[in-house]
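Only one structure is covered here, and it is reproduced in the block below.
Note that this is a predicted model, so its numbers are computed, not measured.
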Amino acid sequence: RRGAAIRKRYSNAFKLQVIARFKVKQAELGNPRPVRYVAHDYKIHKSLVTKWTKPAFIVKLEAEFKNKKGQVSHRVSGAFARMSTQRQAGGHGGPKFPSCEAALYCQVKELRDRGLPVKAYWLKQTMKKLVRTQLGEDVASSFKASQRWLFGFCTRYSLSWRKASNKKGAPVEERLPKIKRWFRRLRVRLNTPFPPPCRAMLATTQKSHDFKPCHHYGTSAPAHRHPDNEEDPNFGCGAVPFGNRYNEDEVPYMFMNDTIAKTYSQQGLERVWLCGNSDTAHRFATLVLCICCMICDGEKLYAGQPRPGVIFRGKGLRISEEERKQYAKDVYVDFNEKAWATRPYMKGWATNVFSKHPGVQRAVRAGEPSLLFMDGLDSHLTVEIKEQLFEESYTAVHAYPSQCTGELQNIDGGLGSSMKHEMLIESDSWAQQGDNIKRLGHGKVSMSEKRVLVTKWASVAWDRVCKKWPFTTHSEKLGSLLTVDGKGDDKLKLQGVEGTFTFVEDDNELPTEIPWLE
């Protein structure tokens, strides 16, 4: 038949969409026959719109979709639902009360700026009050503030139902002065001469003869500490080269919490039950992560980054040798009653992990100091741990301000969540093997097996994260690679801070030098 090759067939569901759109256009434009507008929207010929919108055709089409109970089938209801979604979004008809919605959005923004939650029932009630106040009781009685209106309002103002990711007590705007002062102190400190290494370190340093008087640092640092060549990768680094700056933090880990937290179940159930135990509801272990702020060797294990640590709950006195042999070899495992980075643990970590990292050892042999960024945890800032890091690794500690690690710290700034996500992938893979998910649900997985699994998951996940994470770019954004001359300040982009971030201000309270071992 002529034209059969190019003729296009349209489903009945598509025809119902066109009919629904036709009725919407009639109400919007006040035009009883908006044929050309609908044809243009769906890119079809006007004759098809004219044919499908005839009353007799509509009756026939709906009759074909009647099910046995005399109700419109799901295909028809879905077509009208998709059509109504366009109407809800306000893309064509627009809001019915724009001034009231604008006032409502201002209140929403005010609440969110203070960190307060905004619920659906609050939006509906507040909108009714605004309509009643601005337009009178007669108009308010006809406005239902339905779910359809709520969907359209959220679409128009780009609102969505979100899970809390920042639970700080104060918004970032209130913490900005503290953050800016931290940057200014870091720049002053980088301009401060680094103290000379201890005698024990000089005895083991291969290049100890490099230490000689320098016009900038005196006898406190090697003569090459402050390069004058702009092509040098460490130009503007100050007292600590960029490649010798590290970041350490702890990440709590709950055993397979995300793996068995959700499930497919029957619709309409008031409660969805999942078997579990305390290991999935409470912190099972703590991951201790440390990174170099510059990209290391991507071909090596963990891309040349320091190896991860795992702290389990308990004293570790009854752990068999067979279990210890099954731990991932490159994961530093320790035990304490709180499964947290206590003072004894940090001493062991500084000796067994940080000081033995090849990058730290290279810096010590070259006589170069290192800088370790950590938060204000008590075990991080004791005099003993600072002296130990300096004596063993020629490293100083620079603490982050309280309640600001989410904006400044690499691990809190996304790397820690990526680590847990990769461990979730590994745990999901394990659960799909054999009857592991049944064994876990019935409590047949022993604590020994769980500890072994966590170390292996941590090793694989950390290697995968390190080989794809942009350490240098991320550190430049958060300020870990701060320079002394202001070069690169335009790259600072803190999380939650809109616009350009600057901290160069006059601060008469800051001294000209800040000691490294204070």
Checking [X] now: which residues fulfil ring pair (Phe, Tyr, Trp, His ring centres under 6.0 Å) with it, not counting sequence neighbours?
X: F501; answer: F183
X: Y157; answer: Y105, F153
X: Y246; answer: F354, H357
X: H380; answer: none

- Query: Is K15 positioned over the aromatic face of Y10, cation under 6.0 angstrom from the ring centre and no more than 45 degrees off axis?
  - Reply: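 Cation-pi check for K15 and Y10: fails.
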- Is R187 paired with D489 through a side-chain N to carboxylate O contact shorter than 4.0 Å?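 Salt bridge between D489 and R187, a charged N being under 4.0 Å from a carboxylate O: yes.
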- Between K178 and E407, is there a side-chain N and carboxylate O pair less than 4.0 Å apart?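 Salt bridge: no.
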- How would you list all residue pairs meeting salt bridge (Lys or Arg N to Asp or Glu O under 4.0 Å) that involve residues 120-131, not counting sequence neighbours?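 Listed once each, the pairs would be none.
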- Query: Under 3.5 Å, is there a donor-acceptor pair between the side chain of R283 and the main chain of K338?
  - Reply: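 Pair found, side chain donor or acceptor close to backbone of K338.
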- Query: Distance-only, no hydrogens or angles: does the R245 side chain make a donor-acceptor pair with backbone N or O of L372 under 3.5 Å?
  - Reply: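 Not confirmed, R245 side chain does not pair with L372 backbone.
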- Task: Quick one: closest heavy-atom pair of S418 and V465, and the distance?
- Result: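 Here S418 and V465 meet closest at O-CG2, 3.9 Å.
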- Which atom pair, heavy atoms only, marks the closest approach of E250 to D375?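 It is OE1-OD2, 4.5 Å.
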- Sequence neighbours left out, what passes side chain to side chain contact (heavy atoms under 4.5 Å, CB included) with T126? Give chain and number order.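 For T126 the side chain to side chain contact (heavy atoms under 4.5 Å, CB included) partners, ignoring immediate neighbours, are L104, Q107, W122, L130.
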- Task: Would you kindly say whether N410 and S480 are connected by a side-chain donor-acceptor distance under 3.5 Å?
- Result: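 Present: a donor and an acceptor within the cut-off.
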- Chi angles and distances behind the salt bridge (Lys or Arg N to Asp or Glu O under 4.0 Å) call for R313, E337: CA-CA 5 Å; R313 196 180 303 275; E337 296 181 355; over 6 Å; no
